[in-house]
Protein chains: 2
Amino acid sequence: MSRIVYSTGTMLGESQFLHEKIYFDIKQKIINKEYKFGAMLPKEMDLMDIYDVSRHTIRKSMDRLFIEGYIYKVKGKGTFVKSVKADYKLSNLSSFSEIMDSQEGKPNSIVIEAREIKLTDRIRKKLDVGDVQLDTCYYIERIRRNGKTNLCFEKTYINKELCPNIIDFITPNVSTYKLYEDKYNLTMDNGEYNLEAINASPSIAKILDITDGDAILYMTARITIIDARPLYFVEAYYIGSRYIFSTNLKR
Amino acid sequence: MSRIVYSTGTMLGESQFLHEKIYFDIKQKIINKEYKFGAMLPKEMDLMDIYDVSRHTIRKSMDRLFIEGYIYKVKGKGTFVKSVKADYKLSNLSSFSEIMDSQEGKPNSIVIEAREIKLTDRIRKKLDVGDVQLDTCYYIERIRRNGKTNLCFEKTYINKELCPNIIDFITPNVSTYKLYEDKYNLTMDNGEYNLEAINASPSIAKILDITDGDAILYMTARITIIDARPLYFVEAYYIGSRYIFSTNLKR
DNA sequence: CAGTGGTCTAGACCACGGC
DNA sequence: CCGTGGTCTAGACCACTGG
């Protein structure tokens, strides 16, 4: 059994766990082309010797590399590096990416409104768990911008149960994301997204300072926490010519 | 150690593997509310007795239930059923879902064109692996419909290397999906999707029989096979008022 | 403190691919 | 046939939770 020899160069991550260290190390080697596209990785037995760990630990590292799209396996043959760059990590919950170079102008937002409102049936369906009866929720209306360019108009409906008094902390450029995580210790877990194309109505056009009928990417999403309780529901009107939604879907 | 007692009722799936049988069984019990929303599952030790298997096998079943969003775990406390229905299985590669009730009219398509074309630089970038030099690809132009209603106009660029002569098998309602899988034994693995909203150009409007300027959901996607080689690149113009794109993104 | 899930080991047998 | 990854077992120790 040899000693552990990890890749040199930029470290991708640290971990206290063997399987995660090995995952980072092999990922590093794939990125550094020490393991080239299409090539076969050392077989599990060899990796056991290389890292001086059990087979289970090797396989756990490989599982993660597989899920993230770096390798694939063929039973009876071996484990191979995918022939093209791949990182299937889903463009996480903040998955809208700007077309425009964000070199000039920083992302910022204008809060138009932040208050408690009565729930409509439509929104209640999105925020309700079933047994709890919600009457009100927090409502935030914002324009998101890049520098002085409008990007989208956004309405957010927040589950009051999960983050009481959150509107008291809302300021123009506060990250609601950070509020959820730090102030309320909530971890966002899943988002159900819907996207469609619509023509801007006169009122939306006015808010976004665009022309009536311009193409709008209308997105709704319900974001939930770890036990699947809805944290918030958001509807957003993205100016079509300024945003692209990107994602990876596996199999 | 007791004997295995599986759920009765509708079977969700069969498997030769213990971990998969247990996965199906627990999923069944969650759906049947034998394990209720928010409730704690039996601890791993108990599940080992219930199913008469080792801890590793139990944990493998639980891993899958976790990935698909049925359960969550809290270290030191236990494993719990998510409080709301959840199935995170990504709305797989055919993830466009119709708004319109598909009760009337069946999905069908009109092939406008199917031939071999020279690659432009733009398409080559999407289909190239790097070392191989592609000169041509297969090109298919289609209108997808539901009954007599147009849904989208679609241009597909297919990697010739992976499925030679595929255009000879293209007929109006053939499933290209099935061709890839059955005729060429290719398994689609991943898709990188981009979505944006645009106003219909005069030419697109004419093809889809809509009005100039109507909102269009313009989607491009590159679909790859297991070793990450691109199988095809597609660009599609979905009539905004008739389609919604839905997906789940985790964390 | 006891109880839970998370990590890790050492080993066995099987299924599939290719020679 | 051999070599590969896939399944499964039996057991150990650790880290976090809660009373």
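Reminder, nothing fancy here: chain letters follow the sequence lines and each chain counts from 1.
By the salt bridge (Lys or Arg N to Asp or Glu O under 4.0 Å) test, Lys160(B) is found to be paired with Glu116(B), residues two or more places apart in sequence or in another chain being considered. For the side chain to side chain contact (heavy atoms under 4.5 Å, CB included) test, residues two or more places apart in sequence or in another chain that qualify with Ala114(B) are Val111(B), Ile140(B), Ile167(B). Partners of Tyr180(B) under the ring-ring contact (aromatic ring centres under 6.0 Å, His included) rule, at least two apart in sequence or in another chain, are Tyr232(B). Partners of Asp121(B) under the salt bridge (Lys or Arg N to Asp or Glu O under 4.0 Å) rule, at least two apart in sequence or in another chain, are Arg124(B). In this structure Tyr157(A) satisfies the side chain to side chain donor-acceptor pair (under 3.5 Å) test together with Glu235(A), sequence neighbours excluded.
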Item checked: Sequence-aligned protein contact record of nucleotides 12-19 of chain C, with B where the base is within under 4.0 Å of a protein heavy atom and S where only the sugar-phosphate is -> B---BSS-
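When each of Met62(A) and Phe17(B) is assigned the nucleotide of DNA chain D bearing its nearest heavy atom, the one mapping closer to the 5' terminus is Met62(A). Each of Met45(B) and Glu20(A) was matched to the nucleotide of DNA chain C holding its nearest heavy atom; the match closer to the 5' end belongs to Met45(B).
Looking at the side chain of Leu18(A), the nearest of the listed nucleotides dC8(C), dT4(C), dT9(D) is dC8(C). When each of dG6(D), dT9(C), dG5(C) is scored by its nearest atom to the side-chain atoms of Glu44(B), the top-ranked nucleotide is dG5(C).
Counting to the nearest Å, the C1' atom of dG6(D) and the NZ atom of Lys60(B) are 7 Å from each other. What separates CE of Met48(A) from P of dG5(D) is a distance of 12 Å, to the nearest Å. Look at CD1 on Ile58(B): it is 14 Å from C1' on dT7(D), rounded to the nearest Å. Distance His56(B) NE2 to dG5(C) C1': 16 Å, rounded to the nearest Å. Put simply, CE on Met40(B) is 7 Å from C1' on dT4(C), counting in whole angstrom units. At whole-Å resolution of the value, NZ in Lys73(B) and C1' in dT7(C) are 12 Å apart. To the nearest angstrom, P of dG6(D) lies 14 Å from OH of Tyr72(A). Distance OH (Tyr51(A)) to P (dT7(C)): 18 Å, rounded to an integer number of Å.
Look at Lys43(B) and you won't find any side-chain N or O under 4.0 angstrom from OP1 or OP2 of dG5(C). Distances shown here put a side-chain N or O of Thr79(B) below 4.0 Å from the OP1 or OP2 atom of dG5(C). Phosphate contact (OP1/OP2 of dT7(C), side-chain N/O of His19(A), threshold under 4.0 Å): present. For dG11(C), neither phosphate oxygen OP1 nor OP2 lies less than 4.0 angstrom from any side-chain nitrogen or oxygen of Ser54(A).
The closest side-chain heavy-atom distance from Met45(B) to Arg55(B) is not below 4.5 Å. Put simply, the side chain of Ile158(A) reaches to within 4.5 Å of the side chain of Cys163(A), judged on heavy atoms.
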